Amino acid sequence: RSERNPGSSDAEYKPPPPLTDAQIAAMSLAELHDAQSKVAEARKRVPADDAATAARLKDEFYKLQAKLQEKRNAGGGGGGG
């Protein structure tokens with residue numbers, strides 16, 4: 001289901017809070033997937049004039065991706081779901 005608001009604008013956009021390396025390291029596979037999804041969506045919506053947020057989100061996206069790959073390779077899937 002779409003949660004889009006036709007009247008919304010970039011001024012109302014709020015990126016997700018910054019993630020620390022420690023937070024990412026402590027995440028389960030499901031949490032990593034969820035966080036990466038949120039960061040990916042935020043990267044599409046960040047205003048063009050907000051280079052700092054865009055750079056942070058890009059960095060977090062790749063950190064999350066690396067941790068996901070690490071967990072998959074280690075078989076750290078856990079009970080999931």
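Computed from a predicted model, the values in this text were never measured in an experiment. Just the heavy atoms: all of them, side chains too, but no hydrogens, waters or symmetry mates, feed the values below.
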Fill in the blank from the handout: Closest non-hydrogen atoms of Val39 and Leu57, given as atom of the first, atom of the second and distance, are CG1-O, 3.3 Å
Handout entry: Electrostatic pair Glu60-Lys63, nearest N-O below 4.0 angstrom
Key = no
Handout entry: Beyond-backbone contact of Pro15 with Arg43, side-chain heavy atoms, under 4.5 angstrom
Key = no
Problem - Glu70 bridged to Lys67 by N-O distance under 4.0 Å - result: yes
Exercise for the section: With sequence neighbours left out, write down each residue that passes side chain to side chain donor-acceptor pair (under 3.5 Å) with Asp49, or none if nothing qualifies. Expected result: none
Problem - Under 3.5 Å: donor-acceptor pair, side chain of Lys71, backbone of Met27 - result: yes
Practice task
Taking side chain to side chain donor-acceptor pair (under 3.5 Å) as the test, write out the residues that go with Ser37, two or more places apart.
Solution key: none
Handout entry: Atom of Gln23, atom of Leu19 and distance for their closest heavy-atom approach
Key = OE1-CA, 3.3 Å
Handout entry: Donor-acceptor contact present, side-chain Gln65 to main-chain Tyr62, <3.5 Å
Key = no
Handout entry: Pairwise distance CG(Leu68) to CD(Gln36) - rounded to 0.5 angstrom
Key = 5.0 Å
Practice task
Report yes if the side chains of Glu41 and Lys38 come closer than 4.5 Å at any heavy-atom pair, otherwise no.
Solution key: no
Practice task
Without swapping roles, check the side chain of Gln69 against the backbone of Ala66 for a donor-acceptor pair under 3.5 Å.
Solution key: no
